[in-house]
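None of these values were measured; they are calculated from a predicted model. Values below: all heavy atoms of this structure, side chains included; hydrogens, waters and symmetry mates excluded. Sequence lines set the chain letters: A, B, ... in the order given, protein chains first and strands last, and positions in each chain run from 1.
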Amino acid sequence: MSTRDELADAVSRAIGEIARRDGLTWEVAPEAVHLERPARRDHGDWSTNVALVTAKQAGSDPRALAGALAAVLSADPPRHVDTVEVAGPGFVNFRLDDGWLHAALLEMLAGGEEHYARPDIGGGEKVQVEFISANPTGPIHVGNGWWGSYGDSLARILARTGHRVVREYYVNDTGGQIRTLGESLLARRRDDDVPEGGYSGEYVTELAAEYEGPDEVTAAGRWAADHILDHIRSSLASVGIYFDEWYSQASIEESGAVDETIGLLAQKGLVFEEDGAIWFRATAEGDSRDRVLRKSNGDATYLAGDLAYHRDKLVVRGFDRVIDVFGADHHGQVASLVAGVKALGVDPARLEVKLGQMVSLVDGDEAVKMGKRAGNAVTLDSLVADIGPDATRILSLTSSLDQATTFDLASARVQSADNPVYYVQMASARIGGVGRKAAEKGVIRAELAAVDLALLHHQRELELIRSLEELPEVVAEAAVDRAPVRITTWVRRLATCFHGFYHDCPILAGEVDPALTQARLWLVEATRIGLDIGLGLLGVSAPEEL
RNA sequence: GCCCUCGUAGCUCAGCGGAUAGAGCAUCGGCCUCCGGAGCCGUGAGCGCAGGUUCGAGUCCUGCCGGGGGCGCCA
């Protein structure tokens with residue numbers, strides 16, 4: 001049991017004891033005891049606000065309750081606890097001896113990459129993360145990669161925290177845009193200009209030169225979409241983004257699932273006909289207006305396909321939870337999608353839509369205009385070519401999905417050495433360097449059981465362990481809040497602690513006591529484990545040398 | 001007009017309802033006979049405005065102001 005859990009346990013028991021003694025109705029389960037690491041060290045190593053939060057319930061004053069708690073806990077202090085104090089309006093602060101950090105270090109080394117920081121918060125929940133799903137009508141751009149990094153990292157985080165994860169790309173391989181793509185391709189093959197509203201990018205011309213199929217718009221469009229999709233797949237692979245499923249919209253439509261879905265809605269009396277089209281009475285489920293499902297020309301709308309698709313995910317394939325990652329430019333479709341899901345009898349809480357705020361690009365002082373049809377969007381490929389895959393990933397994961405970001409290409413190019421990825425990877429490389437140096441000097445890391453970790457009491461060493469000790473909670477929070485950025489923040493903090501340690505605490509220098517060298521080598525190993533876990537969740541490599 | 005979303009330092013961004021809001025860049029200044037100086041240490045400056053909820057609000061609620069996005073029988 002971790003020190004944190006032991007404290008929560010002790011607090012819960014002390015509360016029970018006080019309640020019995022003083023005749024209070026005061027009861028708090030161990031898991032309800034909120035323990036936090038105070039921002040200021042002089043507030044102790046751990047702190048709980050339980051007296052503040054439950055004062056009303058107990059019918060008493062927070063400071064009095066905190067005082068009683070501190071007295072009981074001081075009389076029989078939990079393991080590693082030196083002092084228990086009341087502070088401020090009613091916090092109970094714990095000051096611990098360094099032993100709790102040595103115990104934590106031992107725990108992470110025992111767990112290793114495989115088991116440390118793998119909290120089971122999903123309980124085997126079957127969750128699908130759908131992300132990117134960019135139309136296969138052109139190369140994917142920086143925004144797709146940005147939100148794609150989020151989706152991919154989120155999937156990694158959920159997989160580590162007890163969820164059964166499927167990552168999916170919904171391929172919009174049908175409808176007008178595919179015809180438009182086909183028209184554009186055929187026009188280029190004839191050396192004509194693309195039609196009004198067509199795709200004029202260079203890649204269309206290149207594909208046209210390869211196309212040997214029939215002069216038929218849909219066939220040409222599908223052929224081009226297939227090739228573009230291959231390209232997208234390899235672009236994403238270059239930044240470590242992978243999918244389990246590439247789900248075809250055309251297959252949904254051809255399977256009859258769209259008609260089936262419309263039929264289900266009709267059974268509930270939520271479908272009507274008007275102006276020759278078939279409509280979904282979305283207003284009945286809270287949408288701001290009704291929506292067309294089947295156009296008067298007989299084609300299904302995007303929404304109809306999307307509803308059939310979500311029914312497939314939530315009902316047919318039976319995911320407990322579906323997380324859709326959309327760009328903010330698609331947020332307009334959320335209300336009708338949610339309305340439709342509700343109308344299909346699915347608990348809307350099982351569908352989470354994460355909206356990625358827009359990424360705008362500047363190049364020095366110049367704004368970069370993005371427009372896919374015009375073919376001048378900045379592609380993910382070009383960004384990766386500029387700054388590399390690791391920098392691309394970590395930069396897209398240093399701000400939260402909710403934060404509209406401005407990304408300066410010039411700055412990323414010129415100041416690439418100041419990029420957080422180098423700072424973090426420098427730590428990784430230094431760890432590799434320690435290993436190489438140790439091998440060179442013939443220093444071998446001893447069995448952990450034979451090493452005295454209590455020799456680690458330098459402030460830098462303790463700070464580093466503190467940082468490592470946070471990882472399980474950071475991973476859990478990142479999962480619960482769907483926030484990979486938490487991992488990025490933590491990894492950078494860890495790197496800072498490591499660089500400080502490395503600077504002030506020689507590991508292999510001649511004057512260092514061999515026993516201390518051993519303890520430090522294990523601390524370095526723990527850092528390597530932490531970095532590997534953290535960077536792994538971000539999809540960033542942890543190189544042993546730069 | 002309606003809906004969504006965001007406003008934190010000069011710039012780019014962190015910040016689990018907690019106590020004195022943090023990084024990086026940019027500024028200025030220190031530190032290499034020593035495991036990688038792509039590093040370490042120091043330096044100034046900030047929560048758009050107004051209410052509310054709370055023991056406690058950058059964080060939750062309402063309104064306003066400002067930016068972005070969306071309001072198709074496009075996808």
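Scanning atom types as modelled, one donor and one acceptor separated by under 3.5 angstrom connect the side chain of Ser47(A) and the base of A19(B). Below the 3.5 angstrom threshold, one finds no donor paired with an acceptor across the side chain of His331(A) and the base of G70(B). Residue-to-nucleotide contacts include a donor-acceptor pair under 3.5 Å from the side chain of Ser296(A) to the base of C73(B).
A gap of 16 Å separates the P atoms of U43(B) and C25(B), to the nearest Å. G70(B) and C11(B) have their P atoms separated by 26 Å, with the value rounded to a whole Å. Using atom C1' as the reference point in both G15(B) and G24(B), the two lie 15 Å apart (nearest Å). When the C1' atom is used for both C47(B) and A57(B), the distance is 11 Å, rounded to whole Å. Annotation: U62(B) and U53(B) have their C1' atoms spaced 11 Å apart (nearest Å). Comparing G10(B) with G17(B), their P atoms sit 27 Å apart, to the nearest whole Å. To the nearest whole angstrom, the two P atoms, one in C40(B) and one in A23(B), are 12 Å apart. G37(B) sits 13 Å from C32(B) when the P atoms are compared, rounded to a whole Å.
Atom CG in Leu546(A) sits about 12 Å away from atom P in G37(B), given to the nearest Å.
Comparing C73(B), A75(B), G7(B) against the side chain of Trp279(A) picks out C73(B) as the nearest. Proximity note for Asp275(A) (side chain, C-beta onward) versus U5(B), A75(B), C73(B): the nearest is C73(B). Among the nucleotides A23(B), C16(B), C73(B), the one closest to the side chain of Arg486(A) is C16(B). Out of A75(B), C35(B), G18(B), the shortest distance to the side chain of Ile507(A) is found at C35(B). The nucleotide whose nearest atom lies closest to any side-chain atom of Gln403(A) is, among G7(B), A23(B), G69(B), G7(B). When the nucleotides C71(B), A19(B), G36(B) are ranked by their closest atom to the side chain of Pro38(A), A19(B) comes out on top. Comparing A38(B), G39(B), C4(B) against the side chain of His503(A) picks out G39(B) as the nearest.
Taking side-chain N and O atoms only, Arg294(A) has no distance below 4.0 Å to OP1 or OP2 of C73(B). Residue Lys295(A) has a polar side-chain atom (N or O) positioned under 4.0 Å from OP1 or OP2 of A75(B). Between Tyr423(A) and the phosphate of C40(B), there is a side-chain N or O to OP1/OP2 separation shorter than 4.0 Å.
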Atom pairs under 3.5 Å: protein N/O with N/O of nucleotides 55-57 of chain B:
{"unit_1": "C55(B)", "atom_1": "OP1", "unit_2": "Lys56(A)", "atom_2": "NZ", "d": "2.8"}

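A salt bridge (Lys or Arg N to Asp or Glu O under 4.0 Å) with Glu463(A) is found for one member of Arg37(A), Arg41(A), Arg493(A) and no other, namely Arg41(A).
Pairing analysis of RNA chain B (Watson-Crick: purine N1 to pyrimidine N3 plus N6-O4 or O6-N4; G-U wobble: N1-O2 and O6-N3; both under 3.5 Å) yields stems of 3 or more pairs at B:1-7 with B:65-71, B:10-13 with B:22-25, B:28-31 with B:39-42, B:48-52 with B:60-64.
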Go through the steps for Tyr309(A) and Tyr170(A) under the test ring pair (Phe, Tyr, Trp, His ring centres under 6.0 Å), then give the verdict. CA-CA 9 Å; Tyr309(A) 175 50; Tyr170(A) 185 47; 3.8 Å; yes
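Asp173(A) has its side chain out of reach of Arg222(A): every pair of non-hydrogen atoms, C-beta onward, lies at least 4.5 Å apart.
The environment of Glu544(A) atom CD is sparse: at most 12 non-hydrogen atoms of other residues, nucleotides or ligands sit within 6.0 angstrom.
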